[in-house]
Amino acid sequence: MIVLMLLAQIIDTTVRCSFYGYSYRANNWYGGSTTYYYIYQPDPDPYSYPIMVGYDEDWLDEWARGYVQFPINFIPQGATILNAGLRLYVGYIGQWSDEWDGHAAYLWLFSMENNLAEWYSGSGSQSSTLFNDAYNGSLFVDNPFYVEMDPQYNVYYPSEMSFLPLNSTFISYLQERVNSGIPWVGLGIVKYNEEGYDGGINLFGEESFLYVSYIMPNQPVFYDYSFYPDSGDIGTYFTFMIHFFDNHQYVPEYIQLYLKRPDEVIDVYNVNLVSGYPYDGIYAARFPITFPGTYGVAFFARTGGGLNIWYPQEGFLPGPKVIVDSTYLFDEYVVNDTSNVGMPIVFGIKYRTTFYPCDSIFVNLVRIESYDSTFENQFRFPMTLVSGTPYNGTYEVSVSLPAGRYVRYYEGFGGSKMVRLPGGGGTLDGPCVFWSPVGENLNTGVISYRVFDALGRFVGYAGNEKELSNMSLHKGVYYLIPVTRKGSVKPRKILKID
């Protein structure tokens with residue numbers, strides 16, 4: 001609601017009078033005259049007290065002048081008054097039949113410099129001040145206007161659908177009072193050519209209304225500040241947006257964003273129009289932030305109307321948090337890291353991140369020792385989330401591998417980030433995959449064998465039992481791979497040493 005009021009360009013307002021009344025002067029039979037004043041505030045019965053304006057020539061001559069006063073503190077300082085008018089509610093003849101012989105009058109409207117609120121408590125007292133004040137000010141209508149009391153019922157002057165225009169003198173007078181911070185304006189109502197015939201009118205002062213149309217002062221504002229994301233890693237691009245509005249449609253000379261870093265250093269960025277009009281649009285800036293910590297934000301505009309505005313007026317708005325990312329892979333494991341061809345091997349690993357949910361994880365295998373004639377020596381398998389979330393979860397894959405000895409490493413991808421385990425280009429040993437041979441003792445008299453232990457580690461060459469005994473093998477199972485002129489073939493022998 002506040003924003004909508006600020007966005008209004010021209011304001012039309014109607015306000016009821018706050019004080020009203022009249023004063024009359026009567027000639028005394030013993031010479032001289034006495035002046036009385038009566039002032040009222042609005043009450044539950046709007047027709048209880050009249051404003052009496054005119055000249056009544058009876059045994060002792062008397063004449064009356066009325067006045068109405070309106071609050072104007074609803075008009076902000078700096079507003080530009082466009083026009084104004086007055087609506088008067090006219091009495092009817094039968095209500096006060098003894099007041100005037102003639103029930104009509106030509107009237108003037110004048111300025112009043114006395115605040116009726118200060119006279120209210122003394123209503124009914126004697127004083128010439130208000131009587132004279134109602135006729136000594138500036139004239140607010142260019143010509144006297146004719147008012148006639150209705151013989152049957154109350155009517156508006158001039159009608160319900162229009163109002164009595166007040167002239168440029170009143171516009172200037174009202175503007176001056178608004179600029180000076182004076183919260184009220186008063187008007188005196190005087191019969192024109194009051195020395196004429198015996199006549200006047202009655203007005204219901206409480207039913208008097210002042211119409212004012214004005215332009216709001218130049219009050220450019222910022223509102224609807226936002227930024228995204230709320231937090232990010234070092235180097236994340238952050239977007240800042242703010243809505244700027246100038247109710248006089250002045251185009252700003254420039255708008256800037258002030259970014260307060262955690263070390264109290266303030267960086268300044270220009271923001272540009274991305275939507276709407278220069279005087280009523282969204283301004284934004286986008287840039288990376290590389291210093292970790294919590295930031296504050298403020299906006300400054302030099303407007304086309306020559307004003308400098310800050311948002312907020314003091315301090316800074318909450319800004320983004322820049323956190324050093326902690327994306328990493330950990331707790332990797334292998335099920336059946338020593339196996340036979342055809343036996344599933346399960347690879348598992350955990351992924352954890354602050355900002356970048358996992359897009360994919362791969363286990364990479366490089367065969368560094370081949371036990372068969374398969375030519376493919378590098379394998380890459382995508383892993384699947386089996387528990388947790390992409391921000392903190394466990395990934396697995398089950399595969400079967402050709403015979404051989406392998407090393408492995410993992411790669412995880414999230415956003416624009418890639419993490420590796422182990423880091424630095426290293427690898428992890430295993431697994432080892434063998435053919436499933438039949439156990440038998442070493443049979444001498446065959447060609448030489450390449451000897452591997454149960455973990456797939458190469459031990460050496462042996463062509464007979466003597467060479468084998470010279471290798472000083474420990475107890476256990478060993479694999480013997482025949483060596484031919486064409487190279488190694490799949491293992492045919494298994495050696496048990498007790």
Side-chain angles (χ1 to χ4, degrees), residues 329-351 358 360-388 393-413 420-422 426-443 446-462 468 471 473-498:
L329 298 170
F330 65 105
D331 284 357
E332 74 90 25
Y333 54 90
V334 181
V335 180
N336 295 331
D337 66 337
T338 301
S339 64
N340 296 323
V341 172
M343 180 182 294
I345 304 172
V346 177
F347 297 89
I349 198 166
K350 293 182 179 180
Y351 177 95
C358 181
S360 58
I361 294 180
F362 295 89
V363 58
N364 299 275
L365 298 154
V366 180
R367 187 163 59 169
I368 60 175
E369 190 71 53
S370 176
Y371 300 155
D372 57 21
S373 59
T374 303
F375 293 105
E376 186 177 6
N377 290 319
Q378 294 191 15
F379 304 88
R380 180 178 174 86
F381 300 102
M383 305 181 72
T384 303
L385 178 67
V386 294
S387 65
T394 299
Y395 290 75
E396 286 185 356
V397 65
S398 178
V399 300
S400 295
L401 295 171
R405 180 186 173 197
Y406 294 82
V407 293
R408 66 190 185 276
Y409 64 94
Y410 300 84
E411 292 176 318
F413 299 88
R420 191 182 190 279
L421 183 76
T427 58
L428 302 170
D429 288 334
C432 290
V433 181
F434 297 96
W435 289 102
S436 300
V438 177
E440 60 182 65
N441 292 325
L442 181 63
N443 184 7
V446 298
I447 61 176
S448 64
Y449 290 89
R450 297 176 68 195
V451 183
F452 294 85
D453 64 12
L455 296 180
R457 293 175 295 193
F458 177 70
V459 177
Y461 290 91
L468 191 62
M471 297 175 70
L473 299 177
H474 300 287
K475 292 181 180 181
V477 176
Y478 292 84
Y479 294 89
L480 306 180
I481 300 177
V483 178
T484 67
R485 291 182 181 181
K486 295 183 179 180
S488 300
V489 296
K490 63 183 179 180
R492 301 292 187 182
K493 305 285 186 180
I494 184 169
L495 175 65
K496 298 178 181 179
I497 298 180
D498 298 323

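Quick caveat: nothing in here was measured; it's all calculated off a predicted structure.
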List the steps, then state whether side-chain contact (heavy atoms from CB on, under 4.5 Å) holds for Tyr333 with Glu396.
-> CA-CA 9 Å; Tyr333 54 90; Glu396 286 185 356; 2.4 Å; yes
About how many Å separate CZ of Arg405 and CZ of Arg367, when rounded to the nearest 0.5 Å?
-> 13.5 Å
Atom CD1 of Ile345 and atom OG of Ser398: how far apart are they, to the nearest 0.5 Å?
-> 8.5 Å
Separation between CZ (Arg408) and CG (Leu365), nearest 0.5 Å, reads 8.5 Å
Quick one: closest heavy-atom pair of Val341 and Val433, and the distance?
-> N-CG1, 3.6 Å
Heavy atoms only: give me the nearest Arg380-Phe413 pair and the separation to one decimal.
-> NH2-CE1, 3.8 Å
Between CG on residue Leu421 and CG on residue Leu428, distance to nearest 0.5 Å = 6.0 Å
Under 4.5 Å between any side-chain heavy atoms of Phe379 and Tyr406, yes or no?
-> yes
Taking C-beta and beyond as the side chain, do Val366 and Thr427 meet within less than 4.5 Å on heavy atoms?
-> no
Give the intermediate values and the outcome of side-chain contact (heavy atoms from CB on, under 4.5 Å) for residues Phe434 and Thr338.
-> CA-CA 8 Å; Phe434 297 96; Thr338 301; 4.2 Å; yes
Where is the tightest heavy-atom contact between Pro431 and Asp337, given as atom of each residue plus distance?
-> CB-O, 2.8 Å
Have Tyr409 and Glu332 got a donor and an acceptor in their side chains that come within less than 3.5 Å?
-> no
Please round to the nearest 0.5 Å and tell me the distance separating atom SG of Cys358 and atom CG of Leu329.
-> 8.0 Å
Start with the C-alpha distance between Ile361 and Ile349, add both sets of side-chain angles, then the distance that settles side-chain contact (heavy atoms from CB on, under 4.5 Å), and finish with yes or no.
-> CA-CA 9 Å; Ile361 294 180; Ile349 198 166; 4.1 Å; yes
To the nearest 0.5 Å, what is the distance between OH (Tyr351) and OG (Ser360)?
-> 9.0 Å
